[in-house]
*Asks:* 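Here it is, the structure, as structure tokens.
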Amino acid sequence: MMELRKTLAGRIALTAVATIILLFLALPIVVILVTSFSNNAFAAFPPEAWTLNWYKALFADGSKWPAALSLSALVAALSTVFSLIIGVTAATALTRSELPLRSAVFALVLGPLLIPQIVTALGLFLLFEPAAMLGSPIAIALGHTVLAAPIAVLILIATLRGIDERLEDAAASMGAGRLTIARKITFPLAAPGMIAAAIFSFITSFDEFYIAQFLSSVDTVTLPVRVYNSLTFEIDPSVTAVSALLTAFAILALGLVALVRWIGSGRQQSLLSVENTVGVANPGGDAV
Amino acid sequence: MAATLTAGAPARPRKLLASRRTRVGILYALPVVVYLLVLFVYPIFSTLLLSLQNADGSFTLHWYADALTGVNLSVLFTTLRISAETALLSLVFGFVLAQAICRLKPLLAGLAMLVVVVPHFVSALVRTYGWIIMLGDKGLVNESLAWAPGAPFRLLYNELGVVIGTTSMMLPYTVLLLYGVMRGVDRRLLAAASSMGAKRVTIFRRIYLPLVAPGLASAGLLSFILSLGYYITPALMGGPNQTMIATLINQQVTKENQWNGAAAQGVILLVLTLAGLLLVKAVTSLGASRKKRSAS
């Protein structure tokens with residue numbers, strides 16, 4: 001801010017410190033990516049020689065990684081479906097209806113995001129252990145939905161609020177039924193938000209550690225729990241390759257969300273401009 | 001919005017329509033409410049119940065007494081201390097970085113924001129592993145400090161390592177929060193003070209700082225609260241003296257099969273978190289009223 005900018009030297013100092021802080025955030029990720037190709041996966045950085053061995057070892061016979069990966073993918077897929085169902089209905093209720101106890105419902109939705117995940121995990125453990133459901137992909141997915149659904153709800157509330165309600169009003173004024181409006185106007189406009197909500201639900205579940213740790217059994221272990229165990233109890237250099245793949249996956253997913261958002265904003269604009277054209281061609285018509 | 005639905009059937013009475021919209025609302029809110037009551041609220045209540053019971057189901061406060069004495073108490077203090085150190089450090093780093101980003105041109109600011117946001121979505125386990133590789137005796141940090149007397153420095157499996165790692169996990173939250181607060185400061189207030197002859201230091205101290213102070217307080221509290229229940233990084237980068245309350249809960253359940261004790265620890269963590277959230281709320285409403293006052 002202006003009031004801090006006393007001298008050129010001060011400005012340079014601030015920039016330098018800010019750069020160091022940015023490195024502080026980015027370097028651990030860069031280091032993982034580089035190390036996954038290093039022949040010495042544990043001790044030295046920067047690497048002395050390069051190799052693809054850790055990636056090959058991931059899918060070698062007897063490797064536990066493919067099982068963990070497929071369990072995590074299954075759990076995340078289930079959790080994404082649950083979160084979308086809950087997210088779409090809840091966001092509709094919170095933005096497009098008259099809901100009694102609205103703020104209480106909203107507080108309930110925020111709850112899982114605010115209280116420590118370890119507490120949620122412990123509670124879910126107490127719920128599923130007596131039911132002999134530990135290690136069940138369904139149980140882990142149900143648990144992950146507790147965290148993923150609120151995120152989906154928040155994204156979809158923002159999406160529905162961002163849709164210009166005049167478009168829905170315009171369709172209604174032309175005699176479209178509620179179902180037609182939902183199918184032809186609201187759904188296509190909300191689709192990018194739904195895709196974003198799905199991606200974030202998937203990442204949330206795929207990355208989740210505390211709940212998965214409590215709800216896993218000895219034989220069924222999700223990928224993050226496997227990574228954690230590998231870092232704590234044993235030495236498996238393939239963990240660098242897994243980490244690098246997880247990083248690439250996260251960056252890819254974020255890129256996809258950005259792309260979908262960008263396409264979505266263009267779509268609403270073009271619809272709105274059609275509306276404007278209609279308005280211009282029809283100057284006597286009702287203002288929407 | 002009510003007008004939308006009337007448009008198709010203008011003759012229908014308004015009250016009936018409102019109740020239809022209420023019914024739709026209740027119907028659509030049901031999935032999330034039922035889901036979270038069964039899988040979130042009920043499990044937390046059973047945790048609370050369990051923490052107050054003996055093995056035979058009779059009422060006791062034994063588990064709380066146990067949680068607040070001896071080793072368990074020192075774990076609680078360690079948790080509070082590490083969380084406070086982390087919160088302070090992420091607040092300072094966050095303040096400097098958000099200030100710097102505020103002053104960048106839009107393109108560079110966007111790039112810097114990307115560097116803040118992208119790591120946030122990369123698994124905490126992966127980032128922690130990156131830190132372990134970087135802070136080792138032959139890691140990047142020690143290699144580049146090899147000239148310094150006393151090198152290699154011990155940066156892992158102690159509190160320094162834990163605080164470095166955990167701060168990098170909390171920093172994205174504080175940067176994003178503080179950036180939002182700083183962008184929200186009405187520049188006309190600063191200009192007004194300046195036009196009346198106030199010096200820069202005075203403007204910073206009397207106008208800018210009071211306006212961003214509630215944001216600073218809530219960013220600090222937020223990273224404190226988030227650190228309280230966190231253990232991925234402390235467990236991997238710390239030694240036995242850095243055991244935090246969440247690690248203890250995990251150990252009690254998975255290793256010792258001691259659910260009641262774990263439940264009591266969980267409730268203590270929950271109470272600390274809720275107290276922190278109430279403070280955040282108080283601070284935020286204070287900020288809102290202060291902003292209103294200085295604008296009028």
Side-chain angles (χ1 to χ4, degrees), chain A residues 1 3-4 14-15 17-18 21-22 24-29 31-32 35 43-45 85-86 89-90 92-93 97-100 105 108-109 111-112 114-119 122-127 142 146 149 153 165 168-169 172-173 203 207 209 224 227-228 231 243 246-247 250-251 254, chain B residues 1 3-4 7-8 18 21-22 24-25 28-29 31-33 35-36 39-40 43-44 46-47 50 93 96-97 99-100 102 112 115-116 118-119 121-123 125-127 129-131 133-134 138-140 168 171 190 200 203-204 208 228-229 232 236 246 249 253 262-263 266 269-270 273 277:
Chain A
M1 305 261 76
E3 50 286 351
L4 268 186
L14 181 63
T15 313
V17 175
I21 300 175
L22 285 174
F24 179 76
L25 284 165
L27 266 183
I29 296 172
V31 163
I32 281 291
T35 309
F45 190 94
I85 295 171
I86 292 171
T89 47
T92 308
S97 78
E98 277 145 32
L99 185 63
V105 172
L108 180 68
V109 168
L114 296 176
I115 79 152
Q117 289 180 21
I118 185 81
V119 176
L122 178 63
L124 286 164
F125 178 79
L126 297 176
L127 183 72
L142 287 172
V146 174
V153 175
E165 285 193 33
E168 290 164 351
D169 292 355
S173 76
I203 301 181
D207 263 359
F209 171 72
V227 170
Y228 182 85
L231 292 177
S243 300
L246 283 175
T247 305
I251 293 172
L254 279 182
Chain B
M1 186 57 197
T4 315
R21 278 173 62 78
T22 309
V24 167
Y28 277 34
V32 77
V33 171
Y35 197 91
L36 290 178
L39 281 117
F40 177 65
I44 286 174
S46 47
T47 307
L50 196 67
F93 284 10
V96 173
L97 190 52
Q99 280 283 353
C102 274
V115 178
V116 175
V118 169
F121 284 96
V122 173
S123 161
L125 282 162
V126 170
R127 285 182 287 154
Y129 187 32
W131 274 117
I133 294 174
M134 260 167 59
K138 289 185 178 168
L140 184 63
S168 82
L171 193 53
L190 310 179
R200 270 174 185 159
I203 296 174
F204 182 76
Y208 188 71
L228 284 179
I232 292 177
L236 291 171
I249 293 175
V253 170
L269 186 56
L270 188 64
T273 306
L277 285 172

*Asks:* Please state whether the side chain, the backbone, both or neither of A:Ile29 comes within less than 4.5 Å of a heavy atom of chain B.
*Replies:*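 Only the side chain of A:Ile29 comes within 4.5 Å of chain B.
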*Asks:* Chain B heavy atoms under 4.5 Å from A:Val109: which part of the residue, side chain, backbone, both or neither?
*Replies:*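 Both the backbone and the side chain of A:Val109 come within 4.5 Å of chain B.
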*Asks:* Can you tell me how far the CD1 atom of A:Ile118 sits from the CG atom of B:Leu228, to the nearest 0.5 Å?
*Replies:*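 One finds 13.0 Å between CD1 of A:Ile118 and CG of B:Leu228.
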*Asks:* Is it the backbone or the side chain of B:Leu50 that comes under 4.5 Å from a heavy atom of chain A, or both, or neither?
*Replies:*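 For B:Leu50, the contact with chain A is made by the side chain alone.
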*Asks:* So which atom in B:Val115 and which in A:Ala26 form the shortest heavy-atom distance, rounded to 0.1 Å?
*Replies:*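 Looking at all heavy atoms of both residues, the closest pair is CG1-CB, 3.9 Å.
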*Asks:* Against chain A, work out which of B:Val118, B:Ile44, B:Leu236 has the most heavy-atom pairs shorter than 4.5 Å and name it.
*Replies:* B:Leu236
*Asks:* With side chain to side chain contact (heavy atoms under 4.5 Å, CB included) as the criterion, how do B:Leu171 and A:Ile21 come out once you've worked through the C-alpha distance, each side chain's angles and the decisive distance to 0.1 Å?
*Replies:* CA-CA 9 Å; B:Leu171 193 53; A:Ile21 300 175; 3.5 Å; yes
*Asks:* Given a strict heavy-atom distance threshold of 4.5 Å, which part of A:Leu246 is in contact with chain B: side chain, backbone, both, or neither?
*Replies:*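 Only the side chain of A:Leu246 comes within 4.5 Å of chain B.
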*Asks:* Heavy-atom distance under 4.5 Å between the side chains of B:Trp131 and A:Val31, does that happen here?
*Replies:*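 Not in contact.
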*Asks:* Is chain A contacted by the side chain of B:Val96, its backbone, both, or neither, given a heavy-atom distance below 4.5 Å?
*Replies:*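 The answer is both parts of B:Val96.
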*Asks:* Heavy-atom distances under 4.5 Å only: say whether A:Leu254 touches chain B with side chain, backbone, both or neither.
*Replies:* side chain
*Asks:* Can you say whether A:Leu127 sits under 4.5 Å from chain B via the side chain, the backbone, both, or neither, judging by heavy atoms?
*Replies:*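 For A:Leu127, the contact with chain B is made by the side chain alone.
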*Asks:* When only pairs under 4.5 Å are counted, which of B:Thr273, B:Leu97, B:Thr47 shares the most heavy-atom pairs with chain A?
*Replies:* B:Leu97
*Asks:* Between A:Ala250 and B:Phe121, which heavy-atom pair has the shortest distance, and what is it?
*Replies:* CB-O, 3.4 Å
*Asks:* To check you understand the geometry: which heavy-atom pair defines the closest contact between A:Pro112 and B:Leu36, and what is its length?
*Replies:* CG-CD2, 4.0 Å
*Asks:* Where does B:Leu125 contact chain A at under 4.5 Å (heavy atoms): side chain, backbone, both or neither?
*Replies:* both
*Asks:* Got a sec: does the OH of B:Tyr28 have more than 12 other heavy atoms crowding it under 6.0 Å?
*Replies:*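 For B:Tyr28, atom OH is not crowded (no more than 12 foreign heavy atoms under 6.0 Å).
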*Asks:* Looking at A:Pro28, A:Gly123, A:Pro116, which makes the most heavy-atom pairs under 4.5 Å with chain B?
*Replies:* A:Pro28
*Asks:* Checking heavy atoms, do the side chain of A:Ala90, its backbone, both or neither come under 4.5 Å from chain B?
*Replies:* both
*Asks:* Measuring heavy-atom distances to chain B, does A:Ile251 have an atom under 4.5 Å in its side chain, in its backbone, in both, or in neither?
*Replies:* side chain
*Asks:* Please classify the contact between A:Thr15 and chain B as side chain, backbone, both or neither, with a heavy-atom cut-off of under 4.5 Å.
*Replies:*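 A:Thr15 has no heavy atom closer than 4.5 Å to chain B.
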*Asks:* Do B:Pro43 and A:Leu126 have side chains that approach each other closer than 4.5 Å (heavy atoms only, starting at C-beta)?
*Replies:*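 No, side chains not in contact.
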*Asks:* Non-hydrogen atoms of chain B under 4.5 Å away: do they reach the side chain of A:Leu27, the backbone, both or neither?
*Replies:*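 Both parts, heavy atoms under 4.5 Å.
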*Asks:* For a 4.5 angstrom cut-off between non-hydrogen side-chain atoms, does A:Val227 reach B:Tyr129?
*Replies:*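 Contact flag for A:Val227/B:Tyr129 side chains = no.
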*Asks:* To the nearest 0.5 angstrom, please state how far the OG1 atom of A:Thr247 sits from the CZ atom of B:Arg127.
*Replies:* 9.5 Å
*Asks:* Minimum heavy-atom separation for B:Val122 and A:Asp207, please, with both atom names.
*Replies:* C-OD2, 4.3 Å
*Asks:* Against chain B, work out which of A:Ile203, A:Thr92, A:Val17 has the most heavy-atom pairs shorter than 4.5 Å and name it.
*Replies:*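 Most pairs with chain B among the choices: A:Thr92.
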*Asks:* Looking at every heavy atom in both B:Gly25 and A:Ala93, which two are closest together, and how far apart are they?
*Replies:* O-CB, 3.4 Å
*Asks:* With chain A, which of B:Ile249, B:Leu39, B:Leu277 has the greatest number of heavy-atom pairs at distances under 4.5 Å?
*Replies:*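 Result: the option with the highest number of such pairs is B:Leu39.
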*Asks:* For the candidates A:Val153, A:Leu22, A:Leu99, which exhibits the highest count of non-hydrogen atom pairs separated by less than 4.5 Å from chain B?
*Replies:* A:Leu22
*Asks:* Report which part of A:Phe24 has an atom under 4.5 Å of a heavy atom belonging to chain B: side chain, backbone, both, or neither.
*Replies:*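 Its backbone and side chain both get close to chain B.
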